[in-house]
Amino acid sequence: MKLRLHFVVDPMGWFCISMVLFIWLYNSFLIPKLVLLPHYTEGHIPAAFVVFYYLASLLCVSALFRASTADPGKLAQDPKIPLAERENWELCNKCNMMRPKRSHHCSRCGHCVRRMDHHCPWINNCVGEDNHWLFLQLCFYTQVLSLYTLVLDFCQYYYFQPLSSVDRADFAVHHELALLRGSCFMGLIMFGGMSSLFYTQVKGILSDTTTIEKMSHLLEDIGPHRSWQQAMAEVFGTRWKILWFLPFRSRQPLRLNLTSRSHV
């Protein structure tokens, strides 16, 4: 598996992705240390609870790393256009390069991206044809990790047995009131925001519409109907649904025998 790293020089993007990494590190270190490992040591919860949390955390940060460093579909400086496809290409009026239709120029990155959905400062990268599937994985695993964190915070307050090795008064003052409530707050923000984003992304994929096209009203007609399996398979580059959940792989374009919708 050959992976090419793609970095965007943008201080604002670096700040945003640093905030995301801080939230991930905060919860990935805090929840096991204060909740999972102590209760597992005293036999209150099975090992599967701990393994699942670390697995969700690993998949989440892996999807973040891949989405932020994967080439979103940057066009080459001198693209070779097949003669039969020239009618599907157009000239960009910002960088004066030929590009396929449905490509857009990102002013923050300074280049055109194939089937660009939007520029996301939280991953410091564009979301385009070649990394849209990784962005979906990031949204999904962030929801899973945030929801699991909220469930564990709730259980720590109302369900789990008291820890015999911890002084309850000291623990409440120094940990529960500050750290766990901070974890709850960040979990609610991340879960709510990512759920909304994930919904809009999936809705756009099923309707074959990018975020830029929705905002710019570039659609001329809806085009042929595609099943949700076909739409998702085209984004993830494979019809094997189990591979839709794995960030540790490369993506190959999957061309379906469907006539694409027309754009202006």
* Going by atom types alone, do T149 and N27 pair a side-chain donor with an acceptor below 3.5 Å? -> no
* To do: Taking side-chain contact (heavy atoms from CB on, under 4.5 Å) as the test, write out the residues that go with F154, two or more places apart.
  => Y158
* **Backbone of T210 reached by a side-chain donor or acceptor of E213 within 3.5 Å** => yes
* Same cluster or not: are V51 and L36 linked, directly or through other Ile, Leu, Val, Met, Phe, Trp or Tyr residues, by side-chain heavy atoms under 4.5 angstrom apart? -> no
* Asked: Going only through I, L, V, M, F, W and Y residues with side-chain contacts under 4.5 Å, is there a path from M116 to L75?
  -> no
* Do S57 and W24 have a side chain donor and acceptor closer than 3.5 Å? -> yes
* How long is the gap from SG on C184 to CZ on F191, to the nearest 0.5 Å? -> 13.5 Å
* Asked: Tracing side-chain links under 4.5 Å among I, L, V, M, F, W and Y, which residues wind up in one group with L243?
  -> W240, I242, L246
* Student check: side-chain heavy atoms of K241 and F236 closer than 4.5 Å -> no
* Is there a donor in the side chain of D153 and an acceptor in the side chain of S183, or the other way round, less than 3.5 Å apart? -> yes
* Residue pair H111 / M97, side-chain heavy-atom distance below 4.5 Å -> no
* ILVMFWY cluster, L145 and V151 together (side-chain gap under 4.5 Å) -> no
* To do: Report yes or no: do L147 and F52 belong to one cluster of Ile/Leu/Val/Met/Phe/Trp/Tyr joined by side chain heavy-atom distances under 4.5 Å?
  => no
* Name of the residue among R114, R66, K74 meeting salt bridge (Lys or Arg N to Asp or Glu O under 4.0 Å) with D130 -> R114
* Using the ring-ring contact (aromatic ring centres under 6.0 Å, His included) rule, take H44 and F49 through it: C-alpha gap first, then chi angles, then the decisive distance, then the call. => CA-CA 11 Å; H44 299 163; F49 282 36; over 10 Å; no
* Could you give the distance from CD1 (I212) to CZ (R115), rounded to the nearest 0.5 Å? -> 11.0 Å
* To do: Would you mind reporting whether P32 and V50 have side-chain heavy atoms less than 4.5 Å apart?
  => no
* Could you check if a side-chain atom of V235 sits within less than 4.5 angstrom of a side-chain atom of M232, using non-hydrogen atoms only? => no
* For K33, all residues meeting side-chain contact (heavy atoms from CB on, under 4.5 Å), sequence neighbours excluded -> F29
* **Given L59, L58, V61, the one that forms side chain to side chain contact (heavy atoms under 4.5 Å, CB included) with P247** => L59
* Asked: In chain order, what residues pass the side chain to side chain donor-acceptor pair (under 3.5 Å) check against Y148, with sequence neighbours excluded?
  -> none
* To do: Work out which heavy atom in Y141 is nearest to a heavy atom in C60; give both atom names and the distance.
  => CB-CA, 3.8 Å
* **From OG1 (T238) to CH2 (W244), nearest 0.5 Å** => 8.5 Å
* **Side chain to side chain, L21 and L64, heavy atoms closer than 4.5 Å** => yes
* Would you say the side chain of L150 lies within less than 4.5 Å of the side chain of L188, judging by non-hydrogen atoms? -> yes
* Structure fact -> Nearest heavy-atom approach of E90 to S103 is OE2-O, 4.3 Å
* To do: Mind checking the CD1-CG spacing from I123 to L138? Nearest 0.5 Å is all I need.
  => 7.0 Å
* Report yes if some heavy atom in the side chain of M186 is under 4.5 Å from a heavy atom in the side chain of Y26; otherwise report no. => yes
* Structure fact -> On a heavy-atom basis, the closest approach of L206 and A231 is CD2-CB, 4.1 Å
* With a 4.0 Å cut-off, would you call R102 and E129 a salt bridge? -> no
* Return yes when atom CZ of F65 has more than 12 non-hydrogen atoms of other residues, nucleotides or ligands closer than 6.0 Å, and no otherwise. => no
* Which residues pass the side chain to side chain donor-acceptor pair (under 3.5 Å) test with T142, sequence neighbours left out? -> none
* Structure fact -> What one should report as the nearest heavy-atom pair of C92 and R99 is SG-NH1, 3.5 Å
* So which heavy atom on A67 is nearest to which on N131, and how close? -> O-ND2, 3.3 Å
* In Å and rounded to the nearest 0.5 Å, what is the CD1 to CH2 distance from I17 to W122? -> 11.0 Å
* Check the pair Y199 / M194 against side chain to side chain contact (heavy atoms under 4.5 Å, CB included), numbers first and verdict last. => CA-CA 8 Å; Y199 170 77; M194 282 300 182; over 6 Å; no
* To do: Working to the nearest 0.5 Å, report the span between CG of L197 and SG of C139.
  => 4.0 Å
* To do: Determine, stepwise, if the pair F140 / F245 fulfils ring-ring contact (aromatic ring centres under 6.0 Å, His included).
  => CA-CA 9 Å; F140 175 77; F245 298 92; 5.6 Å; yes
* Asked: Heavy-atom distance under 4.5 Å between the side chains of H105 and C95, does that happen here?
  -> yes
* Asked: Which atom pair, heavy atoms only, marks the closest approach of N96 to L91?
  -> C-CD1, 3.6 Å
* Could you tell me which residues satisfy side chain to side chain donor-acceptor pair (under 3.5 Å) with Q201, sequence neighbours excluded, listed by chain and number? => D117, H132
